[in-house]
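Let me begin by presenting the structure, written as structure tokens, before commenting on it.
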Protein chains: 2
Amino acid sequence: MKRQKRTTIYDIAQKLNLAASSVSRALSDSNKINAETKALVLKTAAEMNYQQNAMASNLRKGNNPTIGVVVPRINQYFFSNVIAGLEEITFKKGYNLVICQSNELHAREVEGVNALVNQNVSCIVISIAAEKGSSDHLQQVLDRNIQLIQFDRVVAGLETLKVLNDNRKGAYEAVVHLIEQGYRRIALLEGPQELHIFRERKEGYIAALNDHGFPVLPELMYANAWTKELGAEATSRLLDMQDPPDAIFASTSDFAALGVLEVASNKGIRIPEALGICGYSNEPFTEITSPSITTIDQFSVEMGKTIGNLHFQEMDHFGPKDSIKTVNVTPKLIVRKSTQRKQQ
Amino acid sequence: MKRQKRTTIYDIAQKLNLAASSVSRALSDSNKINAETKALVLKTAAEMNYQQNAMASNLRKGNNPTIGVVVPRINQYFFSNVIAGLEEITFKKGYNLVICQSNELHAREVEGVNALVNQNVSCIVISIAAEKGSSDHLQQVLDRNIQLIQFDRVVAGLETLKVLNDNRKGAYEAVVHLIEQGYRRIALLEGPQELHIFRERKEGYIAALNDHGFPVLPELMYANAWTKELGAEATSRLLDMQDPPDAIFASTSDFAALGVLEVASNKGIRIPEALGICGYSNEPFTEITSPSITTIDQFSVEMGKTIGNLHFQEMDHFGPKDSIKTVNVTPKLIVRKSTQRKQQ
DNA sequence: TTTATAATTGCAATCGATTGCCTAAAATAT
DNA sequence: ATATTTTAGGCAATCGATTGCAATTATAAA
């Protein structure tokens with residue numbers, strides 16, 4: 001095994017009898033260098049198999065063209081799509097993408113953020129963990145003048161860029177759709193109210209009911225039905241009521257909606273005739289259940305791209321002080337069989 | 001906005017009237033430093049909000065505790081799970097994870113790999129793009145003495161660490177299962193044969209047929225049925241044969257299997273009685289189709305962990321020269337309704 | 001008390017690329 | 001022919017942390 005030491009600009013300089021600074025200028029396409037010299041350097045660099053040492057360059061330049069991402073789980077449909085969209089943009093700009101997952105734990109989130117700060121990344125993109133905790137670590141990011149973009153799940157108090165889905169609107173439209181389909185007792189499966197996304201969806205639900213003259217009934221709002229299992233349990237309870245709902249809006253996730261679907265199917269309840277079901281997120285599987293599930297698409301890949309563009313836009317045009325802006329991505333209702341009981 | 005300059009070890013040294021080297025020793029927990037001094041430095045560092053500059057440290061130490069990952073698509077179930085598993089390990093070791101996606105394009109793969117080489121990462125983990133191309137970029141990684149771990153889709157000629165699924169075995173077991181269920185004319189949906197994973201699955205299919213005295217019929221092997229759409233098309237063709245298959249093994253993916261399922265259902269063919277269907281990958285949706293789809297689990301999260309462990313193991317115990325090892329992850333057949341026509 | 005040894009700490013070079021400043025040569029203007 | 005401006009390229013400092021070596025002090029041994 002030939003341990004082939006890395007070629008540096010000094011090696012190139014020596015070979016060509018130049019100063020390292022000239023080599024550097026040639027490689028960085030500076031205009032303070034003769035065209036012929038530049039060409040010669042470029043040619044020699046290629047021959048010598050030169051690859052820039054990014055660490056040295058970044059150190060000197062005092063910045064690291066890298067964006068750090070911290071999400072609860074990388075392998076969750078929504079997040080992996082956001083990351084894919086973001087990568088699309090960062091790659092074009094020659095930026096690197098460093099990824100951490102918090103596993104919904106606050107301590108891990110803090111560790112991840114600190115590691116990124118150490119790396120002196122130029123931006124940290126985060127969707128916070130469900131576990132509650134202080135936001136000192138995020139405040140530190142700001143204090144260190146590193147751009148911070150929160151998305152989806154955000155901390156309210158911090159003055160940062162935010163990219164959000166309009167959860168209120170998504171939920172509102174879903175409920176309006178249910179009303180239009182003739183459902184009259186629409187139940188809500190809620191998520192943990194610590195996360196604003198779930199509060200907003202609840203608001204949308206309530207607003208839609210209010211706007212259409214429907215009563216908001218506490219007995220139809222079921223807390224913490226976050227997973228498929230919890231969704232299933234909630235459904236059992238709701239359907240056992242003396243006056244059960246005729247539609248269930250699983251505002252937490254499509255997984256909860258799937259739980260609803262399974263329980264209702266097992267009970268022999270006809271969907272969508274006797275029970276309407278609507279989920280949230282447009283997970284791929286919602287299309288292939290029987291019946292297919294009405295849900296809300298969050299444009300996750302788009303969201304990732306929006307985040308990336310926002311970063312570069314802000315870098316180019318404004319100083320960090322202007323960075324207290326919120327971009328909303330509008331979700332879209334995807335109507336499928338589980339709520340379609342009127343003919344189109 | 002207070003542009004708060006980063007605290008360096010020099011700032012700490014100055015404040016405490018020490019040399020920077022002593023501060024460095026205290027922070028790195030060297031044994032060449034007095035315990036009291038160390039404590040004082042640590043305390044002061046915390047007060048001054050010190051965060052190490054990883055770029056400077058890495059430059060000096062000549063290594064970057066980072067693993068780079070290049071995959072075709074981040075937001076594909078299999079890959080996002082591998083990455084999640086890998087992150088689990090790297091995080092524990094304090095390593096960073098940098099991600100690139102090739103989008104199945106060779107040129108982008110090369111670019112991504114080069115960017116990682118520039119970063120001087122200590123390991124590159126890659127699953128190659130479907131698009132064909134030279135593997136010079138990978139050879140360069142080796143020449144530069146950077147560890148290279150290929151997984152899932154690998155280039156044969158290169159002497160690198162590899163983490164693979166035993167695709168042959170997975171396919172073999174699936175076909176044996178189909179035979180045991182009484183299926184007699186088992187068709188195969190093949191993937192692009194440039195990728196060895198698809199060649200191996202085909203081998204497994206053929207071997208199982210041979211071992212059980214079944215003929216291998218070219219007319220039952222359908223090339224390039226990679227996606228749901230292609231799987232659907234293949235199914236139409238196969239079922240229109242004068243002597244159609246009674247089972248279809250979609251060795252390419254569960255998506256292809258889904259295409260099979262939809263076409264067969266629409267034709268009113270009863271599954272699993274008249275047609276058995278088996279996919280590959282254990283995508284989440286296979287559990288919730290009707291009927292649920294028999295498939296092969298690749299233990300993707302485990303695979304990611306295996307990759308991570310392999311890296312650190314090799315680092316600890318061997319020099320890079322020993323790094324020509326292949327680790328196989330054994331897949332597991334998940335039997336579901338789409339192939340169960342005998343009572344258990 | 002003197003010498004040998006160990007424990008601390010400081011000094012300065014180093015990792016590799018970038019960049020402000022300066023000089024020499026070449027090009028242009030007077 | 002002389003003065004002025006450009007252009008090209010070199011020198012050396014710098015980014016921030018690490019580390020081999022030397023220097024100093026404290027401790028132990030003789």
Nearest-angstrom distance from the residue atom [atom1] of [X] to [atom2] of [N]:
{"X": "B:L27", "N": "C:dT9", "atom1": "CG", "atom2": "P", "answer": "14 Å"}
{"X": "A:L18", "N": "D:dT7", "atom1": "CG", "atom2": "P", "answer": "20 Å"}
{"X": "A:I12", "N": "D:dG9", "atom1": "CD1", "atom2": "C1'", "answer": "16 Å"}
{"X": "B:M55", "N": "D:dA17", "atom1": "CE", "atom2": "C1'", "answer": "12 Å"}
{"X": "A:L59", "N": "D:dT14", "atom1": "CG", "atom2": "P", "answer": "14 Å"}
{"X": "B:N34", "N": "D:dT25", "atom1": "CG", "atom2": "P", "answer": "15 Å"}
{"X": "B:N63", "N": "C:dT14", "atom1": "CG", "atom2": "C1'", "answer": "15 Å"}
{"X": "B:R25", "N": "D:dT19", "atom1": "CZ", "atom2": "P", "answer": "9 Å"}

Pairwise 5' ranking along DNA chain C for B:N31 and B:R60, keeping only the more 5' one: B:N31

The single option from A:L164, A:V163, A:T306 that satisfies side-chain contact (heavy atoms from CB on, under 4.5 Å) with A:N328 is A:L164

Paired with A:T160, the side-chain contact (heavy atoms from CB on, under 4.5 Å) test is passed by just one of A:L142, A:T326, A:V154, A:I149, namely A:L142

What orientation do B:F78 and B:F151 show, parallel under 30°, tilted 30 to 60°, or perpendicular over 60°? tilted

For C:dT18, take OP1 and OP2 only and decide whether either is under 4.0 Å from a side-chain N or O of A:Y10. no

Between B:S21 and B:A56, the residue closer to the 5' end of DNA chain D by nearest nucleotide is B:A56

What's [X] touching, base or sugar-phosphate or nothing? Going by heavy atoms closer than 4.0 Å.
{"X": "B:S24", "value": "base"}
{"X": "A:I33", "value": "sugar-phosphate"}
{"X": "A:S30", "value": "nothing"}
{"X": "A:N17", "value": "sugar-phosphate"}
{"X": "A:N120", "value": "nothing"}
{"X": "A:S28", "value": "nothing"}

Aromatic ring proximity A:Y95/A:F312, centre distance under 6.0 Å: yes

Does NZ or CZ of A:R73 come closer than 6.0 Å to the centre of the six-membered ring of A:F79, within 45° of the ring's axis? no

Which nucleotide wins on minimum distance to the side chain of [X], given the candidates [options]?
{"X": "B:T8", "options": "D:dT18, D:dA17, D:dG10", "value": "D:dA17"}
{"X": "A:I9", "options": "D:dC21, C:dA17, D:dT18", "value": "C:dA17"}
{"X": "A:Q52", "options": "C:dG10, C:dT18, D:dT19", "value": "C:dT18"}

